[in-house]
Structures are given as structure tokens and as C-alpha cells.
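Below is one structure, written out as C-alpha cells; comments come after it.
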Amino acid sequence: MSKLKLFLTKNEISSLKKLQKAIHENQITITCVGLYNHGKSTLLNVLIKDFEYKTFKTADARETTLNKSVAYHNIKYVDTPGLNAQEKDDRKVMEAIENSDITLFVHNVTTGEFNKAEMDFLTKIQKHWKNSQEFLNRTVFVLSRIDNINNYEDIQNTNNKMQKQIKEIFDSDCLIIPVSSADYREGILENEEELIDESNIKKLEEKIEFLSRKLEEEIINTKKERFEYKFYELHLKMNNKIKENQQKISVLTQQQKAIDDNVKNDIEKIERTLKNMYKQLKDI
Ligand SMILES: Nc1nc2c(ncn2[C@@H]2O[C@H](COP(=O)(O)OP(=O)(O)O)[C@@H](O)[C@H]2O)c(=O)[nH]1
Ligand SMILES: [Mg+2]
């Protein structure tokens, strides 16, 4: 790919390589996105059974804006910086979703329905995604921290409002699973089956399992499509650059020709003058 450097940026070459590599990997990528402090990292730790919360930093001071990924069984889990912190974070998150097979959109139930930043982000996806239904098919909205709400009805109300908000944006229903990572962790550590059940994490895991199986074939095709799409996009860009270069060359050639013509004229003039001088000399 070294010649590509002449036409493409480092980032473009790297994203192309990543997409190409992904086709050959029999690994599903699950990415957690959502606002900062909504429980993304905690949930990922729970999903990979790290109950000491050492893998994905929780209550992170946001010193890092990088996506972090960890492989567990045949799943690659990706944690992202919170949405809405900086424009460039949003772009990173968007890119992570694009490279992901299943997205967990985490929303903290204690904040009520989706806020403006989340709605804006989802609207951006709806507007710019090639096929926004595809995004919904691969996304589970996770209503986190349900242990903070005592009343089941309140959770249900928030859930319903979020369904409505999604419908407004995508004109389609979505899957929302209310969970408590904290209850699951406690249930496992204390061996309390009821807490584990109430945490709903098992339901989320089953859903992930179901989606992974359902999407398996589709995922391979999507990976290929994504690669082809990116390749086409970059190919177009390269062609445009080549055309630009050809135009430049053509302008330069014309300029060179004009210079050559001038030089030719000058030489002819000098020759004529010399001949005249010679003639005059002979006539003396
Ligand atoms: N009560 C409760 N707190 C949670 C739960 N999940 C996360 N938290 C807390 O929410 C805060 C933010 O969690 P974190 O995973 O770092 O959020 P992130 O910024 O979205 O990655 C931390 O203080 C967590 O302990 C949960 O299920 N229940
Ligand atoms: Mg985090």
C-alpha cells in the first residue's frame, strides 16, 4: 500500500487497513457508547466478568479520549469516551460505531429520558447513516443504573419516553433493556440469585448472543460492504487527485509550449538579424 501514501492521508490508509483486517477476523465487535458517567465502563467490566473494575476505568476523570478495546471470548469490547464532551469525541464515537457490529447505547435512567446531546447525536446518525434502520437493528439501548430507582413504574415511564424519542427520529421501534451492573456484580459476589435476576444483565447477554448469531452472516457481508464503500470513497478521491494532477500537467505543458514558441520566435529573429548584419557586412 506504500504508493497510496502519495494520495491518501495516514488515517485514511489506516482505516482501510482496519476494515480489510476485520473481514478476516472471526470476531464480533461490541461498542459501548453514551454520555459520560452513564455507566458504560462499568457495564463492560461486568460483561467481561471483571468485578474489580480494573479493565475499563470507571468514574474516569476523562483524561483519556481514546477508545479502549479488550477481547473476551470471541468478542471485542470497545469502550468510548462520552458523547458531547468535545466535537472530536463525537467523531471518534461515530467512527467506533461504524466499525462495530453491535452497539450498546448506554443511558442512565436517573437522568430521565434522552437529553438534547443524545438526541442530537442520534439525529446525526439518522441523517448521515447510509441505512439508519441497520443502525437500529444492531443497537441495544441499555437503560443503566436501575438500582437507583425504587419505583418500577418510573423506569417503565422513562423507557416509554425513550421509545417515543427513538420513534420520532428513526420512525421505528428500538430495543431497550433496563439493567443494573451494580446489582449483577453484587449478586455474583454474594451469590444472590435474585439480585442477578433483577439486574437483567443475563437478559442483555442473551440478547447480545441472539444478535451475534442472527447477524453473523450479515456481519461478514457488512464488513465487506464497509470495506468496499471505503475503498470506493478513497478510490474516487484518488481519481480526483489524479485528474487534478493531469490538469496541472496540461497547464504546465501549455505554458511550456508558449515558452518554447517564444524562444523559437526569438531565435528566428536573432537569425534574421544576424543574416541582415552579415549581408550588410558583405555589401560594405
Ligand atoms: N448505582 C449504580 N451505579 C452505577 C452503575 N453503573 C455505573 N455506576 C456508577 O456510575 C458512575 C459512572 O460509571 P462509569 O462506568 O464510569 O460511566 P461512563 O463514564 O459512562 O463509563 C460510577 O460512579 C459508577 O460506579 C449501576 O448499575 N448502579
Ligand atoms: Mg467510562
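Every value quoted in this text rests on a predicted model; they were computed, and no experiment measured them. We count ligands from 1, going down the list as the structure has it; atoms in each ligand are counted the same way.
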Are any of the N or O atoms of [X] closer than 3.5 Å to those of ligand 1?
| X | value |
| --- | --- |
| G39 | yes |
| Y36 | no |
| D79 | no |
| S41 | yes |
| T58 | no |

State, without any angle test, whether T110 and N108 hold a side-chain donor-acceptor pair at a distance under 3.5 Å.
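Short answer, yes.
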Cluster question for you: counting only ILVMFWY and a side-chain heavy-atom cut-off of under 4.5 Å, with indirect links fine, are I75 and V78 together?
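Different hydrophobic clusters.
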Report, in ascending order of atom number, the atoms of ligand 1 lying under 4.0 Å from any heavy atom of [X].
| X | answer |
| --- | --- |
| L35 | 20 (O) |
| S181 | 27 (O) |
| H38 | 17 (O), 18 (P), 20 (O) |
| N148 | 1 (N), 2 (C) |

Find out whether F105 and E118 are in side-chain contact, i.e. whether some heavy atom of one side chain is under 4.5 Å from a heavy atom of the other.
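Side chain of F105 against side chain of E118, heavy atoms only: contact under 4.5 Å found.
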Identify whether the distance between the nearest side-chain nitrogen and carboxylate oxygen of E233 and K230 falls below 4.0 Å.
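Here E233 pairs with K230 in a salt bridge, since their nearest N and O are under 4.0 Å apart.
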Cationic tip of K207 above F210 ring, under 6.0 Å, 45° of axis
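Yes, a cation-pi geometry.
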Looking at the Mg ion (ligand 2), is there an N, O or S atom belonging to S41 that lies under 2.8 Å away from it?
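Yes - counting backbone and side chain alike, S41 has an N, O or S atom under 2.8 Å.
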Ring centres under 6.0 angstrom apart (F141, H107)
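Distance test on ring centres: not under 6.0 Å, no.
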Is it the case that more than 12 heavy atoms not belonging to Y72 sit under 6.0 Å from its OH atom?
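Above 12, so yes.
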Side chain, backbone, both or neither: I146 near ligand 1, heavy atoms under 4.0 Å:
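I146 to ligand 1: no contact under 4.0 Å from either part.
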Applying a strict 4.0 Å limit to heavy atoms, is S180 in contact with ligand 1?
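Within the 4.0 Å threshold, so yes.
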Any idea which of L43, N37, T42 brings a heavy atom closest to atom 24 (C) of ligand 1?
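Comparing heavy atoms across L43, N37, T42, the nearest one to atom 24 (C) of ligand 1 lies in T42.
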Donor-acceptor check, side chain of S69 to backbone of K76, threshold 3.5 angstrom: yes or no?
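Here the side-chain-to-backbone pair does not exist.
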Side chain to side chain donor-acceptor pair (under 3.5 Å) assessment of N159 paired with Q163
CA-CA 6 Å; N159 189 326; Q163 276 287 0; 4.6 Å; no
